[in-house]
Each structure stands twice: as structure tokens, then as C-alpha cells.
Visitor: 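The structure under discussion is supplied below as C-alpha cells; questions concerning it will follow.
Below, chains carry the letters A, B, ... as their sequence lines are ordered, and counting in each starts from 1. Treat the numbers as computed from the prediction; the structure is a model and nothing was measured.
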Amino acid sequence: MTFGWKHLMGATALVAAGLTGGAGLDGPRGFGPAPALAADDITQGGTMTVTYKDDVSTLDPAIGYDWQNWSMIKSLFDGLMDYEPGTTDLVTDLAESFEVSEDGTVYTFKLREGVTFHNGREMTAADVKYSLDRVVNPETQSPGAGFFDSIEGFEAANSGEADGLSGIEVVDDDTVRFHLSRPDAPFLHKLALNFAHVVPREAVEEYGADFGKNPVGTGAFMLDEWTLGQRVVFARNPDYYHEGIPRLDRIVFEVGQEPIVATLRLQRGEVDIAGDGIPPAKFLEITQDPEYEDFIIKGNQLHTGYVTLNVRMAPFDDPMVRKAVNMAINKDRIVRIINGRATPANQPLPPLMPGYAEDYEGYAFDPEQARAMLAEAGYADGFETELFVANTDPQPRIAQAIQQDLAEVGIEAAITSLAQSNVIAAGGEPDQAPMIWSGGMAWIADFPDPSNFYGPILGCGGAVPGGWNWAWYCNEELDAKATKADSMADPAQADARIQMWREIFLGVMEDAPWVPIFNEQRYTLRSPVLGGPDAIFVDPVHIPVHYDYVYRTDVQ
Amino acid sequence: MAAYILRRLIQAVLILIGVSFVTFVLLYLVPADPARQIAGRSATAETVANIRAQLGLDQPFYVQYWRYFTGMIQGDLGRSYLQKTEVAELIAARLPATLQLMGGAIVWELLLGLTTGIVAALKRGTWVDNTLMVASFIGVSAPQFVVGILLLYVFAVLLGWFPIGGYGTFAHLILPSFTLGILGAGWYSRMMRSSMLDVLRQDYIRTARAKGLDRVRIVLRHALPNAVLPVIAMIGIDVGLFMSGIVVVESVFGWPGIGQLAWQAIQRVDIPIIMGVTLVSAVAIVLGNLLADLIAPFIDPRIKLR
């Protein structure tokens with residue numbers, strides 16, 4: 001997923017310099033303790049204002065793929081599967097129930113009855129098929145087409161030879177069946193992706209390329225107004241099938257607001273959520289102010305920041321050297337550089353991900369041991385190398401910390417700071433970038449399953465020109481194990497499968513193609529008038545906030 | 001006159017074609033691959049290749065340019081890679097905000113530039129003159145994002161007199177238009193001062209003074225109309241100056257104009273939007289200059305249009 005934490009431009013940093021230490025701006029409503037309410041006696045109503053810096057991109061679920069429209073699309077559309085709000089636990093949504101064949105290649109979904117699109121028409125199994133046919137159709141240009149490559153007939157549909165996926169069968173209005181060409185264990189997760197959300201054919205055909213600006217779904221909210229460059233307004237879908245949801249009547253998304261300005265307005269009570277998060281320059285001021293203590297919500301994300309060591313470039317072709325580098329870098333110090341908005345990492349998977357090895361100790365920071373290992377590998381005098389990094393704050397500062405740590409053990413790393421797209425291009429070449437700090441481009445999982453953290457970034461398939469496996473790491477044994485794990489689609493094997501993935505990632509760490517640095521955490525500051533479980537404000541899937549479950553305390 | 005205008009318009013069209021070509025070449029040479037940018041990292045190589053083909057990015061350069069060119073002359077600026085909306089629509093939606101901002105900036109320029117220029121000229125050599133000229137020098141040289149941020153901090157955050165950025169009411173317009181206008185105000189102040197001093201040295205002013213007319217009347221009735229004309233003629237050229245300023249000012253103040261659109265597009269390598277805004281800016285600059293040239297003979301009859 002292309003989500004990456006936003007980086008403030010220079011101008012904002014300057015605003016910040018002027019503003020930190022600014023007067024304590026009490027909002028007219030004040031930040032006091034919010035009343036807690038039981039979930040079922042919440043009154044619906046009220047408006048919430050959310051701000052973003054950038055314009056809202058398309059709201060077409062087949063196309064939208066940034067961390068700003070991701071959750072907005074989820075509020076307008078639904079898929080067969082979703083997640084328990086605030087968690088990574090899969091639940092049925094448009095599907096009422098499902099069955100999986102014993103060999104894991106046939107999935108039969110019974111649809112929820114009486115679900116209507118915002119245009120009033122009832123949703124049927126044909127809509128489910130149409131929506132997926134549309135996503136894999138090359139003319140749709142969906143970035144997510146590849147997720148559905150296990151459905152029979154994918155190649156023909158994706159190349160434009162066939163009209164749709166032969167593997168999706170409309171059994172009757174309420175039943176849809178998927179035939180897979182191979183068992184695909186994370187398939188249900190893929191059906192929870194926005195790309196598999198259900199759209200009504202007539203609306204797509206009516207608006208054509210502008211469907212993303214005139215979205216019609218089954219979701220909790222409907223699009224009410226879109227003033228380009230200024231605001232997008234959602235209104236409650238009165239016919240939504242989850243009773244009592246959404247809690248709010250309206251959400252106003254104001255765009256073009258710098259995070260620093262948004263935070264100031266939030267403190268004044270003009271804004272309820274600053275969608276881009278708390279800007280670094282205001283971070284300490286706000287997190288250390290007891291007034292905001294109850295309104296800052298901290299959550300983990302499915303993110304790992306790492307340094308890739310190109311195993312095809314000397315001296316990183318020597319595992320001993322890669323392990324030494326792992327031990328040379330002080331991750332705690334790097335976490336301090338970003339104001340502690342992360343936890344140090346020792347393995348590719350983030351702690352939130354199933355398969356994370358809690359008892360794994362990794363390569364502890366030990367410069368002396370690192371030096372000894374370098375000497376053993378024949379680099380007693382160190383060596384010279386190059387560290388690529390994106391040129392937006394705080395990435396170059398993090399790279400400098402890494403550079404200093406490496407210098408301590410005799411490795412002289414020159415920093416090459418480039419525009420993000422150029423770093424990505426260099427990483428996609430086998431002989432360009434010996435080391436890359438992934439900051440700003442690091443992996444955030446598309447869905448909470450360990451398989452999503454392997455293929456493109458650590459598997460042999462990703463080690464191709466233009467790929468994302470910047471370490472160019474390819475361990476065929478682990479690849480085979482990964483394939484085997486993903487064929488274990490039987491729910492009874494789920495635990496065994498996760499265990500297998502855990503072993504795969506520990507196997508990766510044996511070869512040490514990465515230096516895992518940290519797992520970023522998300523902080524959301526919300527206004528006191530908003531209520532709801534903390535977890536929905538840092539939802540790991542409905543990024544950044546699960547809008548459907550937010551309520552206003554002043555209408556209660 | 002008509003022949004002159006026609007010739008200038010033909011020139012303008014050639015300039016615009018040139019601008020479109022140069023911009024297209026520059027963006028073509030940007031090392032970022034738009035297809036990859038759109039596809040995101042989870043996309044398979046086939047998906048990226050498909051998007052590239054769908055957008056025609058796999059075609060040779062001249063085919064791509066020709067396609068853009070033929071669209072452009074029909075008013076079709078393509079669709080945003082990321083927003084998927086027509087670029088012409090995106091620009092049209094934001095143009096009124098930018099024009100409003102420029103209008104406000106012109107008012108500030110004239111208001112500040114002309115008054116300080118006149119006062120400085122009348123108080124020539126005194127501390128008033130010196131102070132004003134230093135101030136105008138600061139106006140000309142202060143980076144707009146510093147000015148904007150200071151104003152925002154002092155008047156919106158600390159004093160709370162104005163909204164903290166945004167768009168919609170007259171109060172929203174004051175600070176950003178001031179920030180955009182202050183550069184021009186500095187220029188106008190200096191031009192007005194020298195133009196005024198020039199006029200005040202003329203014989204007819206001396207005659208007026210000899211007649212015993214009072215000082216205010218001389219300045220307002222006799223000197224000002226002549227002194228102000230060359231300054232007014234500059235407004236058309238301001239448009240070019242504003243075009244660079246709006247990117248900064250609109251971003252600082254969250255003003256929903258085409259400058260903010262351009263800034264977002266540059267960060268996300270949304271090439272069709274960058275092309276579109278560049279072309280619209282070029283049109284504005286060409287028209288502004290044409291306007292300035294057309295006004296010139298009315299102001300100074302010694303100028304002839306050829």
C-alpha cells in the first residue's frame with residue numbers, strides 16, 4: 001500500500017517554529033473528561049469536521065489507494081468481509097455466512113438480505129460479480145487487480161481477453177460462489193479490501209470515469225456534496241443495514257489545511273479530527289499537556305521501517321556483514337529522533353500482525369560485537385558504502401543517525417538523499433543502492449495477514465527490476481515454504497499456518513537482508529465532543545479513523 | 001490597432017504552444033514513473049504495465065505530445081492521474097479563488113504602494129522617506145512564506161482577529177491578499193516615489209505653485225494623475241509576479257486556488273495537473289502583458305503600437 005506518513009513541507013516547519021510554546025488555546029468547549037457510554041444507547045446525530053492537507057482523490061473503491069481516501073471509501077461502500085471495528089479480526093459484512101470447500105478452492109457466500117445501494121436498488125450477487133470483474137478489467141486501471149489472481153479466469157480477464165472472471169458464479173440473487181485456481185489462504189482478507197467493495201453497475205455506467213466523484217455504494221454514509229479543492233460532505237445513509245450505524249448525521253472533510261493549522265483549529269474547537277495527525281512540531285507540546293491527555297489516542301499500525309542491505313552488492317553478499325550491520329545500529333536513538341512515535345523493531349513483522357515472534361530477541365545493539373564480526377568477515381578496517389534515503393524530513397536525520405552508528409564500527413556510509421520516486425527507482429535496480437532507509441516508503445500492510453509482508457518485499461518474485469524487494473533477497477527454500485503456507489486455506493489449519501509464517505520471517509532474519517528499525521505508531525488528537533471506543537480513532541484497517549462508529553457526546 | 005492586436009494574439013498562441021512543448025519535455029524527463037506512482041507498491045508488474053499502456057505512457061514521446069497537443073487545442077487538458085477528474089474542471093473550480101486573491105492583492109498593492117510612494121516623494125530626504133523606503137525594500141525582498149506565516153501567527157493565532165487560514169468570507173481574504181500584494185506594493189512604492197518626484201520637477205507644477213495653489217491641490221489635482229499612470233500600466237505585468245506567489249501564499253493560508261493545486265500535484269507527480277496549471281499561468285501572463293501594452297498608448301500618447 002502506498003500509505004506513508006505525511007511529511008511536512010518546509011513552510012509548515014517554520015509555522016511550527018513560531019508556534020511552539022504559543023499560548024494554551026482553550027477551545028470554547030474545553031478539553032474535559034468525556035462521558036463514557038454503552039454502545040447500544042448511543043443517540044445518532046451531529047456533524048464532525050475532519051481536515052486534510054491534500055485534495056481527496058477518487059472515491060472509486062476500485063481505484064482509490066491512498067491513506068486519506070481508504071477509510072472514506074470504506075464508509076461509502078462495503079464488501080463481503082470486513083473487520084471488527086478497531087481490530088484486525090475478520091467478520092462477515094455484506095456476506096451473511098460463507099462456506100469453504102475442503103480443498104480451499106471454492107468459497108460460497110450467502111448475502112445479507114435487504115441491503116440497498118444509495119440509489120435505492122437492492123444489492124444482489126450479480127453486483128458482487130460485476131464489481132470484481134470491473135476491478136480486474138484492464139480498462140479500470142485498478143492498482144489492486146493483482147490481489148485477485150487466484151480467482152479462476154484471472155489471466156483472461158486481466159488481459160482483456162475475457163469479459164469477466166469465469167471463476168465467479170452467480171448462483172442466485174443471494175448466493176455467489178468463487179472458484180479459485182489454487183488455495184489462497186488470505187483470500188477472505190482480500191475480499192475485505194476496498195478493491196472488492198460492491199458497486200452498482202448502473203451508477204458506474206452513468207458516471208463513467210467520474211464515478212469516483214459520484215460514488216454510489218451500500219455504505220454507512222452517502223456523498224452529499226463535493227466542492228473541488230474545498231470540502232467533501234458525507235450524509236448518513238438512513239437505510240444502512242447495521243442498526244444504529246453510523247452514529248453521526250454528517251461528516252465534513254475540509255481539504256487544503258496544513259496539519260499545523262488543523263491542529264490549532266482543533267484546539268480552538270473548530271475542527272474535530274486533524275486527519276493528517278499531530279505534526280511533529282506540535283507533538284511534544286500536545287502530548288505533554290495534561291489537558292489533552294484523554295484525547296490523544298495512540299495505536300499500532302501494520303508498519304515496519306527498515307534498512308535494506310542489497311545482498312547482490314559486496315560486501316552485503318556476506319551474511320556475516322549483514323548481521324554485523326544489524327548489531328551496529330542503535331534503534332532506540334532513532335526512535336527518539338521521531339519523538340518516540342514508534343517502537344524499536346527486531347523482525348520484519350509488526351507486533352500487531354499475526355505471526356509476530358514475541359520471544360524473538362533479534363540482533364541486539366552491540367557495536368563491539370559488530371566490529372568483531374566485521375573483522376571476522378575480513379573487514380577489520382571497515383568499508384565504504386552508500387545509504388539511499390528520501391529527502392523529506394525526518395528521513396535524512398534518521399539516515400544521519402544510522403551513518404554515525406555505522407561509523408562507530410568502521411563503516412563509512414555516504415548518504416544519497418533523493419526524491420522518493422528516485423529512491424524507489426534505485427531500489428528497483430540490482431546494482432544501484434547498497435543500502436536504503438525505507439522511511440516514507442516503508443511497507444504498511446494492505447491486510448492483516450503475514451503473507452502481505454513477504455512476497456513483494458522479501459520474496460524472490462519481488463527481486464526483479466522495478467520491484468520492491470530492495471534487498472534483492474531471494475531464499476528459494478523460504479519461498480517454497482511461503483507458497484505452502486498460503487495453500488493452507490482450511491480454517492482448522494489457521495494456527496499451523498501462522499506458525500509457519502512466523503518461522504519464515506525468523507528464517508529471513510537468519511539471513512539478515514534487512515535491519516528492521518522501528519514500527520511506527522499513530523497518534524490521533526480528537527476534540528472532546530467526539531465519543532467512541534479509543535480503538536476506532538486509530539483503527540488498524542479503517543485508516544486513519546473508523547468514521548462509522550464515531551459519535552458526538554453533545555447529542556447524547 | 002486591430003492589426004496590432006491580431007499580431008499579438010498570434011504571437012501569444014505561438015508562445016503558448018512553445019510553453020506547452022517545453023513543459024511537456026521537462027515533465028517527460030522527470031525520472032519518476034507515473035504508472036508506478038498510480039499503481040502503488042502492491043500492484044503487480046502486469047498491473048503497472050497495464051496502467052502505463054492505458055495512459056499511453058508506453059508510446060514514443062512525439063505520439064504522447066501530439067495526443068496532448070490535439071487535446072489541448074480542443075480545451076481537453078486530460079485527467080488527473082490521481083484524482084481521476086478532468087484537469088480543466090479542477091482548474092475551473094479553483095480559478096475564482098485565485099482571481100479573488102489576486103484582486104485583493106492588487107488593491108493592497110495600490111493602497112500601500114501609491115500612498116507610501118506619494119508620501120515619500122513629498123517628504124523626500126526626511127526620516128519619513130527613509131523609513132518608507134526601507135519598508136518597501138523589505139516588502140520587495142521578504143520571502144512570502146515568512147511574511148505569511150508571521151501574519152498568520154500574530155493576527156490569527158495570537159490576536160485572533162482573522163480566521164486561521166481557509167476561504168469563504170472577506171475576513172479570510174485579508175491576510176493572504178496582503179501577503180501576496182506586499183511584494184508589488186514595495187515596487188509600486190518605489191516607482192510611485194520616483195514618478196512623483198519626476199512630475200513635481202516639471203514646469204507646470206512650478207507654474208501651479210507660482211499661482212499660489214495650495215499644496216494638497218497641486219499634488220492631488222495636478223501631479224498625481226500624471227505620476228500614477230506609468231504605475232497603473234504595470235498591473236498587467238503583476239500577473240506574472242503573482243503566479244509564482246500564489247503557490248506559496250495559497251499553501252500557507254489553505255487558499256483553494258490553482259497555486260495550491262499545483263503544489264499538491266508537484267508533490268505527487270500528477271503530471272496532467274502540472275501541465276494544466278502551467279498553461280493557464282502562461283495564458284494569464286501573456287494576456288496580462290498584452291493588456292499592459294494596449295493600455296500604454298492611452299497613458300502616454302508618445303507610445304505608438306506597431
Visitor: Can any side-chain N or O of A:Q230 pair as donor or acceptor with the backbone N or O of B:G168 at less than 3.5 Å?
Guide: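 Between the backbone of B:G168 and the side chain of A:Q230 there is no qualifying donor-acceptor contact (under 3.5 Å).
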Visitor: I'd like to verify something: which residue of A:V464, A:D210, A:D55, A:D60 has the highest number of heavy-atom pairs under 4.5 Å with chain B?
Guide: A:D55
Visitor: Among B:E250, B:Q260, B:E89, B:R79, which residue has the highest count of heavy-atom pairs closer than 4.5 Å to chain A?
Guide: B:R79
Visitor: Other residues, nucleotides and ligands only: do more than 12 of their heavy atoms fall within 6.0 Å of CH2 on A:W226?
Guide: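 Yes - once you tally the heavy atoms of other residues, nucleotides and ligands closer than 6.0 Å, there are more than 12.
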Visitor: Between A:P456, A:A209, A:G461, which shows the greatest number of heavy-atom pairs under 4.5 Å with chain B?
Guide: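 Top option by heavy-atom pairs under 4.5 Å: A:A209.
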Visitor: I'd like to know which of A:E139, A:E254, A:Q257 tops the heavy-atom pair count under 4.5 Å against chain B.
Guide: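 Result: the option with the highest number of such pairs is A:E139.
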Visitor: Hey, which of A:G466, A:S159, A:G467, A:G462 has the most heavy atom pairs under 4.5 Å with chain B?
Guide: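 The option with the most such pairs is A:G466.
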Visitor: Find the one option among A:G144, A:G146, A:G64, A:G256 whose heavy-atom pairs under 4.5 Å with chain B are most numerous.
Guide: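 Winner by heavy-atom pair count: A:G256.
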Visitor: Between B:L261, B:I51, B:L150, B:V48, which has the largest tally of heavy atom pairs under 4.5 Å with chain A?
Guide: B:I51
Visitor: Counting only heavy atoms closer than 4.5 Å, note whether A:F147 contacts chain B via side chain, backbone, both or neither.
Guide: side chain
Visitor: Please flag which part of A:I457 lies under 4.5 Å from any non-hydrogen atom of chain B: side chain, backbone, both or neither.
Guide: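 Looking at A:I457, nothing touches chain B.
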Visitor: Considering only heavy atoms and a distance below 4.5 Å, find which of B:A93, B:A35, B:P143, B:P256 pairs most often with chain A.
Guide: B:P256
